[in-house]
Amino acid sequence: MNSQNIKALDSQHVMQTYARFDAVIERGEGARLYTPEGREYIDFTSGIGVNSVGYNNKKWAEAIYNQAQKLGHISNLFYTEPYARLAETLTARSGMKRVFFANSGAESNEGMIKLARKYRYELFGTYRTSNIITLKNSFHGRTIATLEATGQEKFHPEDYFPYTNGFKHVQAGHMEAVEYACADGHTCAVLLELIQGEGGVLPLPASYVKELRAFCDELDMLLLVDEVQTGIGRTGTLFAYQQYDIMPDAVSFAKGIAGGLPMGGFLVSEKCGDTLRAGDHGATFGGNPIAAAAALEVLAQIDDSLLAKISENGEYIRRTVSGWGFPAVRETRGLGLMIGVSIKGAQPKELAVRCIENGLLILTAGSDALRLLPPLTITREEIDAGLAILKKVLEEL
Ligand SMILES: Cc1ncc(COP(=O)(O)O)c(C=O)c1O
């Protein structure tokens, strides 16, 4: 089928909830993507941080194929080896105690919300301790609860009233705001992204995160870290909290974990390792053997050597973009291969469209930034090819 026919079918039969870019993607190789007509793109999006080990990654495809031949699904009523081995790998590499497997980022955050409420309920025996503090400009998902957790008014239109209550949004970086919001003693947790992704690739200051950790300990509230976008190697360590020198009570992950298959979950520390017990939570597909086998292969590829390369390549991209000295570039920010390029004098969306017309897939974030989330395995040659297109587009501004 050619691109035109595919777009026609989509517009006729698909709920039009996405403002899609004008490109049909048929296949990929490394960090390059191709349309049915053979047009090539360099990919700085990795399916919004999902395709961590690139396209047509042979070992990843083999892991899926081999597992599919053995057992595709069995449900959480039974044990499977990929599931147990993945749990062992994730807990060992994160320093956390236990894991729950889900399917998406929003669902993983929902699990953490339940965890925090139950943890406090068991301590105090009243639902009145169930508020959760989240940060302005955050993004936590599209379910009714995670939309309300998201600290951006544009995600709370009246169309979907009522949202789940019990969330308070505070300005990031101000401890007094958190202290004020918790003064009634009815808060069970603080939920945050260490680098606000959708909000604009905005890293939180390390000192603020450390203060929040201490504050949560003092009041016996949980610190929940949403690493759906920052996790699984994206920032140059398996989880971003490992560079913030703190341990969360729970951390969610999704996107890149299975390299392109739907998987998510959350890890919990010793303190709340046994808070959720039999019957408290579940997901039919959670920890599905094929997704787990894919995730084990992804984690094997995200070893220390690749993590070091992710940091190096991220610095190289930021240095190169800043080095161009274009007046339209206000600053670059981020960590590892999660990069924001803050733009002035043009709309990021328009620039992204121009990049795509010129052969580079790129994302936007917040109101002012282009966002780069290339596959973690991207080569220097692919980076340079993508940067050449970005430079051309910025030069023409
Ligand atoms: C930080 C963060 N949390 C949650 C989500 C929601 O993930 P999903 O779309 O898999 O539900 C996203 C998605 O962009 C995200 O970036």
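The figures here come from the full heavy-atom set of this structure, side chains too, leaving out hydrogens, waters and symmetry mates. For this chain, numbers begin at 1 and follow the sequence in order. For ligands, and for the atoms within them, numbers begin at 1 and follow the listed sequence.
- Residue Ala106 has at least one heavy-atom neighbour below 4.0 Å for each of these atoms of ligand 1: 6 (C), 7 (O), 8 (P), 11 (O).
- With ligand atoms numbered from 1 in the order given, ligand 1 contributes 2 (C), 3 (N), 4 (C), 5 (C), 7 (O), 12 (C), 15 (C) to contacts under 4.0 Å with heavy atoms of Val228.
- If you check which protein heavy atom lies closest to atom 16 (O) of ligand 1, you get Gln229 NE2, 2.8 Å.
- The distance between the ring centers of Tyr163 and Phe161 falls below 6.0 angstrom.
- In summary, the side chains of Gln243 and Thr235 do present a donor paired with an acceptor at a separation below 3.5 Å, with no hydrogens or angles considered.
- Note: Phe266 and Phe101 fail the aromatic proximity criterion, with ring centroids not under 6.0 Å apart.
- Residues Ser3 and Glu37 bring a donor and an acceptor atom of their side chains to less than 3.5 Å of each other.
- Contacts with ligand 1 closer than 4.0 Å are made by no heavy atom of Glu107, backbone or side chain.
- Those atoms of ligand 1 that come under 4.0 Å of a heavy atom in Asp226, given as number and element, are 1 (C), 2 (C), 3 (N), 4 (C).
- Within the structure, ligand 1 has Lys255 among the residues with a heavy atom less than 4.0 angstrom away.
- Under a 3.5 Å cut-off, the side chain of Arg333 and the backbone N or O of Gly200 do form a donor-acceptor pair.
- Interface of Asn109 with ligand 1, defined as ligand atoms under 4.0 Å from a residue heavy atom, comprises 3 (N), 4 (C).
- Short contacts between ligand 1 and Glu193, defined as distances under 4.0 Å to a heavy atom of the residue, involve ligand atoms 1 (C).
- Nearest to atom 9 (O) of ligand 1 among the protein's heavy atoms is Gly105 N, 4.9 Å.
- Listed by atom number, the atoms of ligand 1 under 4.0 Å from Ser104 heavy atoms are 10 (O), 11 (O).
- In this structure, Arg142 fails the cation-pi test against Tyr160, since its NZ or CZ atom is not both closer than 6.0 Å to the six-membered ring centre and inside 45 degrees of the ring normal.
- Looking only at distances, a side-chain donor or acceptor of Lys114 sits under 3.5 Å from a matching main-chain atom of Asp280.
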